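Nothing here was measured: the structure is a model prediction, and the numbers come from that model. Every chain is numbered from 1 and lettered A, B, ... according to where its sequence line falls, protein lines coming before strand lines.
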Amino acid sequence: MSTLQTAFRRRTGTLLRVEDLVTHFVTAGGVVRAVDGVTFSLDHGKRLGVVGESGCGKTILARSIMGLLPHRNVIRQGSVLFEGTELTTMSLKDRQKIWGAEMAMIFQDPMTSLNPVMKIGKQLAEPLRIHLGSSRENARAIVLKLLEDVGIPEPEKRFDQYAHELSGGMRQRIMIAMALACGPSVLFADEPTTALDVTVQAQILDLIEDQCREREMALVLVTHDLGVVAGHTDQIIVMYAGKIIEVAPTASLFSKMKMPYTEALFQSIPKLEDPSHTRLTAIGGRPPNLILPPEGCRFSPRCPYATDKCRTIEPELQAAEPDHLYACHHPVGSDRWSEVQVSLGRRPGGH
Amino acid sequence: MKYFLRKLGQLVIVVFAVTFTVSLALGAIPYAEERIIAAKGSGAINEEEKNKLLDSLNLREPTLVQYGYFVGDLVTLDWGVTLNGNQPISSSISDGLKISLRLMIYGQLVALLLAIPAAVFAAYRSGGLFDRFSTTFSFGFISTPNYVLATVLGLLLTVRWKLFPAISTDVGFFEAPWDHFTNFFLPTIVLALPLAGTYMRLLRSDLINTLQSDFITTARAKGVSTPRILFGHALRPSLFSLVTAAAVNVGALVGGSVVVETAFNLNGLGRRTVLGIFASEFRLVQITVVVLALVYVMTNFLVDILYGFLDPRVRVGRLG
Amino acid sequence: MDSSTLVSVSDGWVRTTTLTDTATLDPLHDEPTPPRFRRRGRITMWVSGAWLLFIVFSAVGASFLPYVNHSCDQFENEDLCTTHVETNPLLAERPPSWALFSETSRPVVGDAPERFGLFGTDTNGYDLFSRTMFGARNSLLIGALSISFGILIGGMLGLVAGYMGKRVDKIIDTIMNILLAFPALLLAIFIVGFFDSSTTTEAESRSIVPIVIALVILSIPPIARLVRANTIVFAQREFVLAARSLGAKNSRIIMREILPNVMPAMVTFAITGMAILIVAEGALAYLGLSVTAPTPTWGAMIFGGQTKLETAWWISIMPSIILFVTVLAINLLGDALSEKFRIREAIG
Amino acid sequence: MAGSGHAHLRDGALLSVRDLVVEFPVGRTGLKVNAVSGISFDAQKGETLGIVGESGCGKSTTGRAIMQIPRPKSGDVTFDGQSLTQADSETIRRLRTNIQMIFQDPISSLNPRRSVRDIVLEPLNIWSVGTKEERLARVNKVLEDVGIDPAVAADRRPYQFSGGQCQRISIARALVLQPKMIICDEPVSALDVSVQAQVLNLLEDLKRDYSLTLMFIAHDLAVVKNISDRVVVMYLGKLCEIAPSDDLYRAPAHHYTNVLLSSIPVADPTVTIAKHRAQGEPPSPVLPPPGCRFHPRCPAATDRCRTEEPEIREVAPNHFLACHHPIHGGEAPVKVRNT
């Protein structure tokens with residue numbers, strides 16, 4: 001798969017198909033079931049949001065798809081088809097050809113994601129030199145163009161600077177430029193704005209969105225912030241304790257959420273429209289231990305609607321609409337849900 | 001630049017403190033005068049000569065004057081002669097320094113050449129077979145005192161198998177390369193192995209930390225090959241402790257290879273100093289200590305500058 | 001409040017395991033340490049501990065333990081009985097009894113055995129095993145005393161420098177730099193020589209005091225630096241700030257909040273430091289500058305046999321082996337402990 | 001906007017901060033960080049005062065300077081009629097117990113080598129409050145109040161708890177001396193949203209039960225709005241805007257506040273926010289811009305802003321502002337429902 005070819009390839013249809021992906025870690029304390037059977041697909045040029053609290057397995061899911069995991073003490077099963085090629089059985093050498101060229105990734109903390117002792121320009125040129133075999137001068141020209149594209153003033157000057165001489169937002173722009181260098185067909189963005197200030201976060205999210213559109217690049221946006229995915233994705237996956245519990249197009253997830261967990265997550269966020277001192281609806285307890293996840297539905301210990309059925313039988317993903325799946329015995333709008341809403345003194349229906 | 005000047009300032013303070021202490025130490029030694037006279041051969045010299053000798057040491061002057069004379073002599077290179085044999089102290093020190101520096105350089109080089117590749121591979125597959133193997137060996141090396149190693153190697157390689165000369169002599173490399181090799185091989189190994197163990201463990205654990213940092217994941221996600229990640233991305237930011245340890249060891253090795261020099265009968269600076277102490281050659285010892293302190297301080301100064309090269313953040317004084 | 005929070009505290013939470021997404025990830029290799037590796041670590045720890053116990057026990061009880069201080073029952077001839085004090089020329093330089101490959105360099109007289117004891121005998125006919133265990137006394141005592149004082153003084157300096165910062169830190173750091181500028185072993189030699197009250201070369205019985213003082217001075221700078229670095233890390237933690245806002249005084253903060261956190265690093269360092277000091281004492285002894293008769297240290301024994309390597313290798317080699325194994329055991333124990341602390345730290 | 005002036009100060013406040021200046025040296029370079037450059041504000045008894053701003057704006061430094069850790073370079077901090085800035089160190093030690101702090105990092109806030117009981121008991125031991133039994137009873141009571149069961153948890157060490165629970169323990173430690181005021185320095189930003197809501201609710205409850213005055217420092221505007229009565233917006237060591245929280249969010253008058261509000265991602269895909277983006281990123285507090293410190297990023301900056309520092313003035317009842325060109329008839333960032 002030469003990158004030059006991909007640049008001219010028509011980008012439609014399924015880009016990535018993940019089937020029943022399992023990623024467990026063997027630790028001294030036991031087997032951590034970080035990702036426990038995840039299935040979804042992503043089309044060319046689409047933007048997918050993966051949302052969940054810390055420890056739900058979203059970051060590990062992204063890295064597991066790319067194959068960027070340690071090689072020992074990891075149990076990985078299932079299949080990842082990228083442009084029809086199986087990634088899970090691919091050798092490290094072949095994966096290294098895809099990393100950076102076809103799939104790129106940016107990370108949460110731009111402070112630590114750049115090599116502190118290597119000049120910015122050299123780091124940026126690296127993927128070009130590796131994957132495209134660019135000459136030094138050629139790479140430099142492309143890098144300067146990239147820096148301009150991601151909105152960095154004085155690219156010539158930045159080329160010879162080190163990461164610590166730049167601000168956080170600037171570093172994240174560098175990371176994005178580096179990811180874009182070889183024109184990948186999908187960008188994994190792992191909490192790209194969590195470490196940034198809110199005004200800078202808005203700029204970076206705009207930048208990612210613009211670049212995805214311009215380059216017809218698919219995006220997997222991993223975040224804990226429902227607000228971030230709401231404005232910047234086409235489709236959303238909600239994860240809880242290593243499982244997908246709800247998948248839906250962005251608009252219908254927010255308007256017709258089915259999972260009590262999604263609902264609770266949404267309600268626990270303080271909102272600017274609400275007057276000051278509005279009582280927040282907190283979710284009791286804390287996310288489960290992934291070594292010994294609860295039986296049945298993994299959210300049942302914290303769920304106000306949980307019944308005995310929830311505690312014993314694990315719900316399967318089912319379709320509310322063809323493109324809206326959820327995994328719950330008593331989804332939002334069900335009888336049980338209304339009953340509990342009334343008993344809690346809330347008005348059932350709507351948020 | 002500020003960083004540079006600050007380090008230079010520290011250097012001056014240390015040099016001052018060392019020379020001051022050393023110049024005064026003579027006055028504090030019990031029976032210093034008697035010892036000196038005894039060393040010169042007590043019965044053989046008359047009162048006049050005694051007084052001349054003691055006057056030349058300025059022992060009866062006030063402290064600051066003593067220090068002044070000492071520094072003056074140091075700077076003008078007027079170091080005098082040894083009590084015994086009347087060899088100029090400067091030539092004794094430079095002869096010794098030549099041997100000691102050779103030993104130090106060989107020892108460091110061999111240690112680093114052994115330690116760096118081993119540490120990189122052990123860190124890359126930490127917990128693996130090679131890691132456990134090399135960790136065990138490095139512990140063995142660290143736990144072997146050099147006099148024990150010298151004894152054992154001496155017994156096996158020189159006494160039993162007669163592969164190397166029992167007593168090393170200082171033969172220049174260009175004069176007789178093979179003899180040079182056979183003479184310096186054992187002392188070098190005895191110096192290098194314990195060092196290599198220490199270096200390997202330091203670098204290994206730093207590398208393991210570096211390999212866990214985000215920027216390594218970034219490099220992997222770019223498709224950088226494994227050797228390039230290890231040597232191109234991870235090694236340089238992991239060298240801090242190793243460089244520090246190596247610098248400290250420069251000081252320790254130049255003067256502290258006493259044991260190795262004694263074991264292999266090499267007349268290096270360390271051995272000369274020890275013999276000097278026994279022989280009450282205080283002047284020689286004083287000046288040697290100052291020279292060694294200067295070597296130590298200078299290497300540390302250079303290493304501080306090297307830090308700036310290793311990590312550009314140090315230059316702005318964030319870490320320094 | 002929500003009861004589920006409390007339930008999850010009590011029911012089966014294996015340590016913390018609020019698995020943050022990145023915590024378990026590390027790119028090129030694996031951590032947390034796999035169970036197999038840790039078990040192996042525990043075995044080395046036990047073996048090292050057992051060896052050290054044996055050495056300490058033998059050293060302390062050397063004068064009455066039967067296997068160290070041989071009873072003379074096994075010999076018909078009373079003269080052949082050797083303990084640590086008696087010289088027996090009949091038994092001089094006998095190889096260890098298992099060393100069948102090694103010939104004795106002295107003719108056998110009377111009913112004296114050709115090979116003797118576990119370690120052989122030295123030039124004076126002392127049993128080397130007994131001598132080694134008596135030697136352990138001085139070596140270990142010097143090591144332990146020196147590191148204790150070193151930790152006490154160096155630790156205090158490091159805590160104060162790290163916590164107070166600014167000028168205090170600068171002054172202490174400069175003093176440490178000056179100390180480090182003196183070549184370590186030469187400094188020790190000088191101090192020992194300085195305290196040597198005899199005017200010239202006649203080495204009378206030298207006590208352990210100057211040696212301990214020299215080793216303490218050597219150990220202070222590295223300890224101070226280590227403790228200082230650790231103190232700075234913890235002094236920046238917010239619980240120290242919290243303690244200050246609660247009105248705790250500096251001394252209380254140093255003793256109650258910082259010291260317990262710096263302790264593990266200090267203990268680990270003390271252990272490896274002791275190994276280094278035992279070796280350093282050996283080096284002094286090797287140069288003829290340590291404790292003198294009647295009971296030698298390991299270093300002196302190794303040095304004493306040096307000239308006999310060709311004819312009676314065991315005189316040097318046997319104490320060398322004991323020294324090596326002991327130092328190795330101490331180092332391994334220190335490493336195992338630091339590993340243990342590191343894991344606990346990672347959890348905390 | 002570099003707001004100076006005291007127009008907004010009220011009489012009879014529990015805590016009053018006037019012209020606070022805090023500076024730090026930058027390494028040994030001779031430069032200094034102008035962390036807080038002459039700010040004034042106050043908090044009335046029983047009020048929750050929110051302080052919001054981006055990283056590096058000096059909000060945490062302000063909180064610590066009130067506690068005199070470290071002592072500010074200049075300015076006055078008066079608490080309950082007593083000046084903290086003029087007190088000697090022994091008096092400060094005693095006065096500090098009236099104001100307590102909780103911090104951002106729940107793990108770092110607790111000494112890993114002490115048990116939960118020890119941690120909460122420590123303040124009582126420092127001041128030798130009551131008998132041993134009384135102290136233990138008080139510790140148990142406070143732990144219960146923050147939702148930690150003392151019988152189960154008191155003997156455990158911090159690493160056995162989750163972030164949210166550690167934060168509860170920190171709150172218990174702050175409460176045990178029964179202070180009048182608690183300074184909360186980003187207490188929920190390290191927590192997951194579900195746990196964040198628990199802690200925010202807990203703080204509201206405790207404020208009522210213990211009749212506390214709160215100072216709530218955070219970068220998350222929605223969180224600050226939710227808990228505060230009055231909000232102070234800070235930028236690069238200066239004040240921008242002070243107003244009752246509902247007013248501030250309904251009608252921001254300062255361009256910076258407006259930019260902040262419109263930058264928050266809203267968890268509703270049907271809402272489009274008019275994009276008021278600040279240009280670039282906050283400059284370094286080592287070399288703050290002259291005049292109004294926000295002018296290099298401000299969409300409405302004029303030459304006047306570049307040279308003249310705006311004074312704090314009242315633009316609406318109780319709504320104070322430091323800006324030469326406020327947003328007239330201030331409106332919240334336009335939010336448009338698409339459907």
Under 4.5 Å heavy-atom distance to chain A, tell me which part of [X] shows up: side chain, backbone, both or neither.
X	value
D/D229	both
D/L200	side chain
D/S245	side chain

For a quick test of reading the model, state the closest non-hydrogen atom pair linking [X] to [Y] and the distance between them.
X	Y	value
A/D197	D/P282	OD2-CG, 4.5 Å
A/V200	D/E54	N-OE2, 4.4 Å
A/A230	D/V266	CB-O, 3.4 Å
A/L280	D/N201	O-ND2, 2.9 Å
A/E53	D/V193	OE2-N, 4.4 Å
A/I283	D/S194	CD1-CB, 3.5 Å

Check: Using a cut-off of under 4.5 Å for heavy-atom pairs, which of A/Q201, A/Q203, A/H224 has the most such pairs with chain D?
Finding: A/Q203
Margin query: I'd like to check A/P270 versus D/K225 (side-chain heavy atoms, cut-off strictly below 4.5 Å). Are they in contact?
Written below: no
Check: Quick one: are A/K271 and D/D268 in side-chain contact, heavy atoms under 4.5 Å?
Finding: no
Notebook entry, point to check: Does the pair D/Q196 and A/I269 meet the rule for a side-chain contact (heavy atoms from CB on, under 4.5 Å), with working shown?
Noted result: CA-CA 8 Å; D/Q196 165 180 306; A/I269 307 172; 5.9 Å; no
Checklist line | A/D274/D/N226 under side-chain contact (heavy atoms from CB on, under 4.5 Å): CA gap, chis, key distance, verdict | finding: CA-CA 8 Å; A/D274 293 340; D/N226 181 274; 5.9 Å; no
Note to self: Please check this pair: side chain of D/E281 against backbone of A/M170, looking for a donor-acceptor N/O pair closer than 3.5 Å.
What the structure shows: yes
Next item on the list: Any chance you could measure A/D206, atom CG, to D/S263, atom OG, to the nearest 0.5 Å?
Entry: 9.0 Å
Notebook entry, point to check: Do D/D246 and A/S276 pass the side chain to side chain donor-acceptor pair (under 3.5 Å) test, and can you show the C-alpha distance, the side-chain angles, and the key distance before you say yes or no?
Noted result: CA-CA 6 Å; D/D246 286 331; A/S276 182; 4.8 Å; no
